[in-house]
*Asks:* 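Structure in structure tokens, see below.
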Amino acid sequence: MSGPDDAERRTSAFTRGLTLAENRIAQYGAGTCLAAMMLVIVISVLGRYLLAADLIPGAYNIIERVLFPLMVFWAIPIAHRDGTFPRLTVLVDRLGPRARLAVSVFVLAVELVIYLILFRFVFEFAWEGVARERMMRIATETWPVYPILVMVPLSFGLMVLEIARLLWRDARMLAGRG
Amino acid sequence: AASAEEMNLIISSALPQKHMWVGQHMDPFADRIEKATDGRIAFDRYYAGELVSVGREYDGLTGHTIDVSAPFLAPYQEGIFPLSDVSQLPTLGTDSPMITRAFQKLLDSDVALQDGKTFYQLELTDNGLVGWPLGASQPYAISTTGKVLDDPSDFQGLPARAGATLHVIGVEQLGATSVYMPAAEAYEALSRGTIEGILLSIGDWRSYSVQELLKYTITGINMGSWESYLAIRQDTWDEMPDDLKKVWDETARQAALDNAAYVVKQDEIMIDEAKKDYDARFVDVKTLSPEMQAHMAQAATNTWKVWIDKMEEQGEPGLATARLWAKLITAEGGQLPDGVEKILQ
Amino acid sequence: MDVWLIILIFAAWFALFMLLGQNVATCMFGAGLLGIFLLKGSRVLDGMVATNIFYTTSTFSLSIISLYLLMANFLMRGGVVVDLFQVAYRLSGHRRFPLGVATIFSGGLLGAVSGSGSATAAALSTLASPQLERYGYSKDLAIATAAAAGSLSAIIPPSLIMIFYGSLTQVPIGHMFMGAIVPGLVCISAYIGCLAYLGWREGNRMKIPPATADGGTTTKGEAADDPALATVSGRSLSAFIFVVALMVVVFGGIYGGVVTAGEAGAVGAFASLVGMVVMRRIGWRDFWLSLEDAVKVTAMILVLVMGAEMFGRFLSFSQVPRELVDLVQPFIDQQMLIMLVLLAIFFLFGMVLESAAVMVLLIPIFLPILDSAQVDQLWFGVMACFMISLGLITPPVGLSVYAASTATRHPVERIFRPAFMFALFAALIGVAAMLAVPESITFLPGRIGQ
Ligand code: NA
Ligand code: NA
């Protein structure tokens, strides 16, 4: 019977790949957005005081509508995977290992349902936004918003995968096969 | 949302109750409807973006989170109501009631603008909405923290804040440097000189707390009034019995006119206060030098041109809409900046 | 279904999953979705769920959080904590109580250029607590002092929680920063007072020779110095001067009205980057890691805000906040009483929850009450941030103490005992001072740009 081991190995290879991908997106994608935000503001301030000119028209919009949203949606999956989301652990810490596992499975199952619902909403929103050519205003221009919009379901989709993985892991452990 | 007999509607505003479009439009409108229909229409009222924030009104309505949006801030629903910006085109000698009446007539007009569709069909029906005007803002005027604008060159490099797209275009056409910032930052920016000018309706000064800072204002040229809608979703409207529809329609039209009368008064009160308490100067454009008048008219005219071109580029009937608006404004007694007639040919 | 029954179900769901350890954002999403569904049906969700999630990220004021985080990360990775403590350590003249004070001051100084506390607490606890022990403090108190010094990052502006409050309430963030300067100084004083008391009590109990206990030179002398602290190098001094200059630029820029709080964050981050690179303290790797850390924390906070929006929308639909206002109505004239009760609630929530979570949870419920009691939102906000930030060193969940505990491998509960005293001291003195003299908060913001 090589089943569980194989499954385990495949899952962990898949997980490693996903973690690496999420890391890269966060570090280079989201990180670049943040660095750009910093530079856009510094250039604007310098322009204002040294040249009395608005060097980047709509700098404020570019940050608010493009750079910051991209940064956040690219960073969410890894922030979630790292387990940095705040939670209350006072009670759970007092439970025995098996009870804790059971609670975890229950909580994760509920969480999975919630994120699936959220995923459905953001997916539909992005889909319609692309189809309807939803726009955003940058200075006096309107730009299509879809390049940012499609990142929302991507972000939530990755979170759903992570929750499913954790649920699978804990459920197997609870069933005594972990 | 309800049976034919009794309708319980969610009416929502992204603005707080103290804003004139809520306190002087949404609330009086809802009160009157509830009274006139004897409670057959009742509203659950939500304010200050409790349910739906600025710019998300369209999503809120079409997504059935709310039934009625007042004010429905069309210019903030990015790219969905492009033609509704037409009220922000610069005109001369106009005030809130004139703009409000003209806008109602624009909505009532049966002139086909594109593909046999009227303004109403293009902007509202096609987006699943039924709507009425609000009381338009008083004219947007250019004000400074003290710099006197006597000569066209005085505009050069003047850092000024404008909000709406058309206002930004207008400021740039005057030769000023448009500085982009959220409205909430205007006070700080004016007080420390990051910006020295602002395009705003005088009655709105208090909402931004800038009344003590603005010392010089050119009046008589309307750099574009802000106007928008009271909007209800089409399917909810269709469920409404005809007698209620009639009450609604009449009430909405009257609410806009009353709102406009209030807005005019606010402007006058603010002007008096600014003169008396803050030493502010208000200069009518007609008293300025001929060069200055010509410069401002040219900027205003260019704003029409830029907007029309932009609309046409996007496949929207900018020219036809501007033509119709020009006709309605002049019928109300307003004037067009020199040269606009020519563009509209 | 009856509204009150739905509210009960909503509250029960929220309480259950919070206790079971589901993350706070998910608890709020879940309770909000369920509550709205029960109250209004699934249809209303179409117009709000996705737009809330998407447009939450289009909030300029929240983007400022990431810039201040970045600034702090550059400085942390550049290792300036060591330098600050080194200088403070020298200035303390190797005497017991002044050394404790120096530790707190290093935390305060670092706090003036950093927005969140754990990293500072970890660094100071490894650096400072061995020295504090050497000069006669117990291990518990030594680490607790370092943790408290670390918590000053959240209490002294700039602080993430203040940016956060500003973006939730429209109070200008620059005003929050300016308003929190005096309370921050009060907190430092309270910590020092608490340290004096705890140290004195300990000194009595442990029979430390009076020469050491009241501030005399230790018998062990400088021979026992940590090599890293043996001398103040030019490198340390320049880092120290750089941090002070950066602090002046950020606060001076905001106070002088030269830049907004958001711009100050970007300019500060940029200056830190340039400074650290020029001083050869960070390289490419540190640069990317600083960015990564900042975006992760920002993302975590943004998901919390998204969850809070769902949670808040349910509250609006159910009209709970309005009912609460009616409930409070008989006491509405008693501003002080209302403030005290609300601040106590903030302190208690800060004990068990992470600070951003406390904010998103309580603000939508309390804001209408503040409004109708006509409480100044800036004044209240600074105090609320103060109370929440003290949660960093209160049990059972205190991130500063956790960080210090991890860094020193010393049991959490032993550190919490003295740490809680620090928090309690600061809370009582801080609240008394700020309620008695509201100008301690409102004076500086009122003068920005003048
Ligand atoms: Na700080
Ligand atoms: Na705590």
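Proteins come first, then strands; the chains are lettered A, B, ... in the order of their sequence lines, and each starts at number 1.
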*Asks:* Any side-chain to backbone donor/acceptor pair from A:Tyr49 onto C:Val258? Under 3.5 Å, distance only.
*Replies:* yes
*Asks:* Less than 4.5 Å apart, any side-chain heavy atom of A:Ile117 and any of C:Val49?
*Replies:* no
*Asks:* Checking the side chain of A:Glu64 only, and the main-chain atoms of C:Phe60 only, is there a donor and an acceptor separated by less than 3.5 Å?
*Replies:* yes
*Asks:* Looking at A:Pro86, A:Ala79, A:Ala75, which has the largest count of heavy-atom pairs under 4.5 Å with chain C?
*Replies:* A:Pro86
*Asks:* Name the one of A:Ile114, A:Val107, A:Val110 that satisfies side chain to side chain contact (heavy atoms under 4.5 Å, CB included) with C:Thr26?
*Replies:* A:Ile114
*Asks:* Within the 4.5 Å heavy-atom criterion, are A:Phe73 and C:Phe54 side-chain neighbours or not?
*Replies:* yes
*Asks:* I'd like to check A:Leu34 versus C:Leu67 (side-chain heavy atoms, cut-off strictly below 4.5 Å). Are they in contact?
*Replies:* yes
*Asks:* Report yes if some heavy atom in the side chain of C:Leu70 is under 4.5 Å from a heavy atom in the side chain of A:Met37; otherwise report no.
*Replies:* no
*Asks:* Could you tell me if the side chain of C:Leu302 sits less than 4.5 Å from the side chain of A:Phe68, heavy atoms only?
*Replies:* yes
*Asks:* Among A:Val145, A:Leu118, A:Leu95, single out the residue with the greatest number of heavy-atom pairs under 4.5 Å to chain C.
*Replies:* A:Leu118
*Asks:* Chain C: which of A:Glu124, A:Arg120, A:Glu111 shares the most heavy-atom pairs with it under 4.5 Å?
*Replies:* A:Glu111
*Asks:* In the structure I gave you, are the side-chain heavy atoms of C:Met306 and A:Ile76 within less than 4.5 Å of one another anywhere?
*Replies:* yes
*Asks:* Any chance you could lay out the side chain to side chain contact (heavy atoms under 4.5 Å, CB included) test for C:Phe17 and A:Leu88, step after step, and finish with the verdict?
*Replies:* CA-CA 9 Å; C:Phe17 284 99; A:Leu88 198 70; over 6 Å; no
*Asks:* So do C:Val397 and A:Val90 actually touch side chain to side chain, heavy atoms under 4.5 Å?
*Replies:* yes
